[in-house]
Amino acid sequence: MVTLLVFRTMKRLNLCKLLLDKYVVLNLKSYRSVGFDVLSSRTSHVVADRLNGIQENVWVELIELAKEVKPVNLGQGFPDFAAPEFITKALRDALKQPDIFLNQYTRSYGHPRLVNALSKLYSKLLCRELDPLNEILVTIGADEAIYCTIMALVNPGDEVIIIEPFFDIYEPVTKMAGGIPVFVPLRPKKTHGPISSADWVLDPKELASKFTNKTKMIIVNTPNNPLGKVFTRSELEMIAELCKKHNVICVMDEVYEWLVFKGSEHIRMATLPGMWERTLTIGSAGKTFSITGWKIGWLYGPRELTKFPQLLHENCISSCATPLQEAIAVGLEIENEHMGTPESYWRDLVDTLEPKRDRMAKFLTTVGMAPTVPEGGYFMMADVSEIASKIDLDAETGMKDYRFVKWLCRNKKLQGIPISAFYCNEHRNLGENFIRFCFCKEETTLEKAEQIIMDLKNSLL
Amino acid sequence: MSSRTSHVAADRLKGMQESVWVEFIRLAQEVKPVNLGQGFPDFAAPEFVTKALSDAVTGPNVLLNQYTRGFGHLRLVNALSKLYSKLLGRELDPLTEILVTVGAYEALYCTIMALVNPGDEVIIIEPFFDCYEPMTKMAGGIPVFVPLRPKKTHGPISSADWVLDPKEFASKFTNKTKMIIVNTPHNPLGKVFTRSELEMIAELCKKHNVICVMDEVYEWLVFKGSEHIRMATLPGMWERTITVGSAGKTFSVTGWKLGWLYGPHELTRPAQLLHQNCVYTCATPIQEAVAVGFEIEMERMGTPDSYWQDLIETLEPKRDRMAKFLTTVGMAPTVPEGGYFMIADFSEIGSKVNLDSEQGTKDYRFVKWLSRNKKLQGIPPSAFYCNEHKNLGEDYIRFCFFKEETTLEKAEKIIVDLKKSLT
C-alpha cells in the first residue's frame, strides 16, 4: 500500500504512470484511500465512494500479458472463427436498406423488430405470452442487463446471494449498489476419476443457511461459467423453494442457454411454479450468435420487475444500437424457423462444440490435468495441481492459479484464465488449483494447444 | 412480493420517471406527424461510414465481431488521440486519457456516477439536456440550476443573446460544489459559448476546485461567425475537465450509440472503472467503422471534401429557412450559432389557440396540440428546466432542422396554414 506522502513524491517525480500500473498488479483494495487528490483542496475526495474497492478486472491484466506474449489464447471467451454469415449479412443488408432510420435512434427499451422476435421466441419456450413492450429490455450485452437489474433493485444493506465460482462482475456491481454479496460455493462431490460439471453441487443446508431476512436477490448462472454446469430441475426447484420462502428475487443468467450438450437440458427458472413473478432472466446475442463483439443482450420478466431496470437503462444508456438490433432480430426470425431442424444454427453450434469439448478433455487428462467435463457452455475447468507441483512458479506473483496461468503464458505461450478470480476473497483457495480454458476455437488452435500441452508433459517427465 | 421489509425498487430510482422522449415518441407513433421533435436526420447517413461498418462485419478479420478492449478499441482510441491531440495542442494518451462509451449518454453517466457522491452539488446550466438531472440524482448528487436568459425580447434573437448573469452564476458555487456541466454548442439553444464566457466559468471552477464536464457533442456543427472553443484548452483547465463527444452527432449515425470522453487520467480512470462494471466494452465493429470514419475525415479536415464542412453547408441554409418561416408566422425564433435545434417563442400564436384539451405546462400542451391537430411535432423545452424554473421554458417549442428539404417544406406549409387559420 502506497502512502499519500509517497504518492505525492512519486507524482512530483512524474512516476504517476508507474504507480498506476503497480496498482493493477497489487490488486489494490482501497483505491480511494491514496486519494488521487490532484484537486486536493476540496473537502470531498475526487472519486465517488461507490468505487471503493473496485479495481480493474482479471481480464485487463491478462489481456496485457497476451498482447506482449502472443500466446495460443484459450483465455477470454469468444470464438476465433467467423461469425455466422446469416447474421453479418443481415447487418450489411440493414445498412444498405432504404430505411435510413436504421442508423438513427430507436426505442429505448428495445428496437420493436427485436423485442417482437424475442417475444415470439421466448413465449414459445416459456409457454406464456411475453409482452414485447413491457416484459423485455434490450441491453448492451448481458453485462448491462446484470448492471441494470442489480442497480435497479438492490439497496444499501440488501444481501445478494452469489453462487461460486461466479462470473466476475456479479460481485463488484452488487457492491456498487451498496449490496452485501453472500457467497455459497458449488463443490465437486468427487475428487477422482472423470468429473462432470454435474458433479459440482450445492450443499442444501449450506445454501439454505445463506438466506436471511435481508436477502433481496440470488444470482444463478446456468449453464454456468466457468464450470459448464447445467442446473437440473431438482436443483432449480431447491433454489426456487428458498426464493419463495424468503421472498427473494431470482436473477437467472442464462446466456449459454443454447449451448447444452447431449444428455443435458436447459431448464428456465421462469417456468417453474411460482417463479415467473420473481424471476428476471438474462440472455445474450453475443453467445447466441457467436458475435460477442456486438454487445447486445436482453432481460425478460414480469412487468413489476422489468420496469425498474428499464428505467435505469433509460437514464444510463438511453438506447442500444439500432442496426445491430435489426440484424439480430433478423437472425432470431431465421433461427426461430429453423429451431429443431437440421438447419438450426444452434444445433450446428452444439454439434461443432461437443467434439471440441471431448478433444480438450482428453488431452488435458493425458497430461495429468483433471478436467471437469462441462454439460454446457464453452469453457472447461481443469485441476492443475499435479502438473503445477512439478514446476517452479516462483518467478510469478499472486495466487497459485494466477502464477500457473502467467507461467504457462510466458513460458509455453498458452493462455488460460485463473479460477480463483471467480471466488470471493475468503474462498479463493477453492479456485487456486484450477485453470479455465475456452474450447470455442478453430481446430488449428486446439491442435496447437494440444501440442503445447503434450510438449509440457514430455518436458516434465 | 409484499412480505419483505425492503421495497422492490432501489431508492436510487426514487423520483425517476419516463423521460420526455418516451412520451413524445409514443405520440409520434400514434399521430405520424411531420416530425421535427427528436434530434436526428431523416436522410441517409454518410456512405463512407456505413460502408466501413459493413466491411468490418463481413471482412476477413473475424475478430472484429468479438470482444475488444474494454476502455476502447485500439484503432478508435488511436484515431481519437490523433484528432484531439491536434485540436487540444497536447498529446492525448489513447489508453489512459480516453474512454469509449455507449454514446455521449454513457459517457455522462459514467462521469457523474464515478465522481459524484451523495451530497455533492452539481451545477447544471438551464435549459439542459434532460439526462443531466436524473443522472446527478441517481448518484445522490444535488443538482443546482442556473438559467441562461435572453438579454433581449424584441427583434431578431441569436443564441448568443442568451447569457448567464455573472453574479447569479457565481452565487451557485459553494464548498459542496463538485462538478459543473456545460454544453457547448448547446442543446436546445444552439449557443456556442464564447472564450470569455468559458473563462468566466473556468475562473469559478479553479477558485472553488470544481470538476468541469464539457458536453461538446455538437462540436463540429458550428455556423459561420462562431468558433467552437474547448474548455480543456483553457489555462489551468486540462487537469479538471472531462470532455464528452459523440459519433452519432459527428457522423449523423445517432443509432450507432457510440461516444467518448477524454481528460486527465485522474478523472478518466474512475469513469473507466465504472464503465467496466456497467457495460464492460462497446461494440467492436461499430468502433472499427467510426475509427475508419475519423481516419478519412482527418485527411480531409479543412478541405472542400470534408464531411463536417459539408454538413455545416447543408445545415446553415436549413437553419435560415426555418428561422424565416417561423418569424413570418409570428413565432420568435432564437437563431442558433451551432447544433441543429432551434427554439422559438410561440406565445403569440399560442394565445390564439385553445389548448384546454391537452395537459401539462403551456409548451407541453402546445406541442401535443400541434402534433395531434396539425401533425407537426416539436419538443417542449420546459422538459429542459428544473421544476422550479419550468416557467422559463413554457413559451417555447424546440424544432430540429436537420431534415430533408421536403420535410422542412411540409413543416413550413403547416405553419403558414396555421397562421392563416388564426387570422
Side-chain angles (χ1 to χ4, degrees), chain A residues 36 38-39 41-44 46-49 51 54 57 60 76 78 81-83 88 91-92 95 100 102-106 108 140-141 143-144 147 151-155 158 169 172-173 176-177 213 216 247 278 291-295 308 311-312 314-324, chain B residues 1 3-4 6 8-11 13 16 19 22 38 40 43-45 50 53-54 57-58 62 64-68 70 102-103 105-106 109 113-117 120 131 134-135 138-139 175 178 209 239-240 253-257 266 270 273-274 276-286:
Chain A
F36 278 94
V38 177
L39 313 176
S41 51
R42 182 188 308 98
T43 41
S44 86
V46 172
V47 182
D49 293 343
L51 286 179
I54 303 291
N57 65 24
V60 180
Q76 215 182 349
F78 55 74
F81 44 82
T88 55
L91 179 55
R92 195 190 59 206
L95 294 167
I100 48 108
L102 291 178
N103 283 309
Q104 307 304 331
Y105 291 128
T106 187
S108 174
I140 304 296
D143 283 314
E144 197 225 334
Y147 180 84
M151 289 293 277
L153 298 172
V154 172
N155 266 325
D158 283 349
I169 66 164
V173 178
M176 261 177 39
N213 65 1
K216 186 72 176 276
N247 195 14
R278 62 179 65 257
I291 41 170
T292 62
W294 285 32
K295 293 295 295 180
F308 300 118
L311 202 52
L312 198 126
E314 192 183 336
N315 287 291
C316 169
I317 300 294
S318 171
S319 60
C320 298
T322 316
L324 300 183
Chain B
M1 309 212 311
S3 53
R4 180 189 312 97
S6 88
V8 173
D11 293 343
L13 291 182
M16 240 156 253
S19 71
V22 177
Q38 214 182 353
F40 54 72
F43 46 86
T50 55
L53 179 55
S54 190
V57 294
T58 55
V62 301
L64 289 179
N65 284 310
Q66 307 304 332
Y67 290 128
T68 188
V102 183
Y105 228 89
E106 196 225 333
Y109 181 83
M113 288 292 277
L115 299 174
V116 173
N117 266 325
D120 283 350
C131 75
M135 285 181 184
M138 217 196 293
N175 66 359
K178 184 69 174 278
N209 195 14
E239 54 255 40
R240 60 179 65 257
V253 285
T254 63
W256 286 24
K257 290 297 296 180
E266 288 78 12
L273 288 179
L274 198 119
Q276 174 188 286
N277 287 296
C278 176
V279 300
Y280 175 59
T281 183
C282 295
T284 315
I286 295 217

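This structure is a prediction, so every number in the text was calculated from the model and none was measured. In what follows, chains are A, B, ... by sequence order, proteins preceding strands, each numbered from 1. For the numbers below, each heavy atom of this structure counts, side chains included, while hydrogens, waters and symmetry mates do not.
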Could you tell me whether the side chain of A:Ser318 reaches within less than 4.5 Å of the side chain of B:Lys257, counting heavy atoms only?
-> yes

Out of A:Ala321, A:Cys316, A:Gly141, A:Cys320, which one racks up the most heavy-atom pairs below 4.5 Å with chain B?
-> A:Cys316

Shortest non-hydrogen separation from B:Asn277 to A:Val173 and the atoms involved | O-CG2, 3.3 Å

Separation of B:Leu273 CG from A:Ile54 CD1 (nearest 0.5 Å) = 8.0 Å

Where on B:Leu64 is there a heavy atom nearer than 4.5 Å to chain A: the side chain, the backbone, both, or neither?
-> neither

So how far is it from A:Asn315 CG to B:Met16 CE, rounded to the nearest 0.5 Å?
-> 5.0 Å

Side chain / backbone / both / neither for B:Thr68 at chain A, heavy atoms under 4.5 Å | neither

Per-residue contact mode, B:Cys278 against chain A (heavy atom under 4.5 angstrom) = both

Side-chain heavy atoms of B:Glu106 within contact of A:Glu144, under 4.5 Å = no

How long is the gap from CD on B:Gln276 to OH on A:Tyr147, to the nearest 0.5 Å?
-> 12.5 Å

Identify the two heavy atoms, one from B:Leu274 and one from A:Met176, that lie closest to each other, and give their separation to 0.1 Å.
-> CD1-CE, 3.8 Å

Euclidean distance, B:Ile286 CD1 relative to A:Leu324 CG, rounded to 0.5 Å | 4.0 Å

For the residue pair A:Phe78 and B:Gln66, what are the closest heavy atoms and their distance?
-> CB-OE1, 3.5 Å

Under 4.5 Å from any heavy atom of chain A - which part of B:Val253 = both

Do you know which of A:Val154, A:Leu102, A:Ile317 has the most heavy-atom pairs with chain B at a distance under 4.5 angstrom?
-> A:Ile317

Ignoring hydrogens and angles, tell me if any N or O in the side chain of A:Thr292 forms a donor-acceptor pair with the backbone of B:Tyr67 under 3.5 Å.
-> yes

Side-chain donor/acceptor of B:Lys178 to backbone N/O of A:Val46, under 3.5 Å | yes

What one should report as the nearest heavy-atom pair of A:Leu95 and B:Thr50 is CD1-O, 3.7 Å

Using atom types as modelled and distance alone, determine if a side-chain donor or acceptor of B:Thr254 lies under 3.5 Å from a backbone N or O of A:Tyr105.
-> yes

Interatomic distance, B:Tyr109 atom OH to A:Leu312 atom CG [nearest 0.5 angstrom] = 5.0 Å

Taking all atoms of both residues into account, what is the closest heavy-atom pair of B:Ala9 and A:Asn155, and its distance?
-> O-ND2, 3.9 Å

In this structure, CG of B:Asn65 is separated from CG of A:Leu91 (nearest 0.5 Å) by 8.5 Å

Answer whether the closest heavy-atom distance between the side chains of A:Phe308 and B:Leu13 falls below 4.5 Å.
-> yes

Mind listing the closest non-hydrogen atom pair of B:Met113 and A:Ala48 along with its distance?
-> O-CB, 3.5 Å

